[in-house]
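All residue numbers refer to positions in the sequence shown, counting from 1.
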Amino acid sequence: MTSSSNEPRGVETAGGAPGKVAQHRRASLALVLMGCLYALLGTALTFVNGRAFAAPLFWLATLSFAAGWLVERRSSAQ
């Protein structure tokens with residue numbers, strides 16, 4: 001990376017696109033990992049407190065997986 005580059009430090013390029021693809025892939029990975037965490041916590045809380053108590057965590061996991069899929073789709077379209 002040269003000093004005249006407009007990219008922030010630490011942002012690598014993937015496939016010739018200046019940093020956006022790598023940023024989107026990291027964001028999608030973070031969203032999927034958050035979804036996995038929500039699902040694991042929801043499963044544990046379901047066993048401890050019952051199904052209705054942990055239902056919002058499963059909705060959060062679903063939304064997190066959907067957002068991760070959309071971000072990954074955006075990164076592959078660029």
Study note, to complete from the structure: Joining Ile, Leu, Val, Met, Phe, Trp and Tyr whenever any side-chain heavy atoms lie under 4.5 Å apart, the cluster holding Phe65 also takes in Val32
Practice item. Quick one: list whatever passes side chain to side chain contact (heavy atoms under 4.5 Å, CB included) with Leu37, sequence neighbours left out. Key: Leu41
Point to revise | Leu60-Phe53 co-clustered via ILVMFWY side chain contacts under 4.5 Å | key: yes
**Study point:** Connected hydrophobic set around Trp59, excluding itself, where side chains approach under 4.5 Å
**Key:** none
Exercise for review: Check whether any side-chain heavy atom of Arg74 lies under 4.5 Å from a side-chain heavy atom of Leu70, and answer yes or no.
Suggested key: no
Point to revise | Minimum heavy-atom distance Ala27-Val71, with the two atoms named | key: CB-CG1, 4.0 Å
Study note, to complete from the structure: Heavy-atom nearest pair, Gly35 first then Ala61, reads O-CB, 3.5 Å
Exercise for review: Any chance you could measure His24, atom NE2, to Ser76, atom OG, to the nearest 0.5 Å?
Suggested key: 11.0 Å
Revision key, fill the gap. Residues pairing under side-chain hydrogen bond (donor to acceptor under 3.5 Å, both in side chains) where one sits in residues 28-54, two or more places apart or in two chains, turn out to be Ser28-Glu72
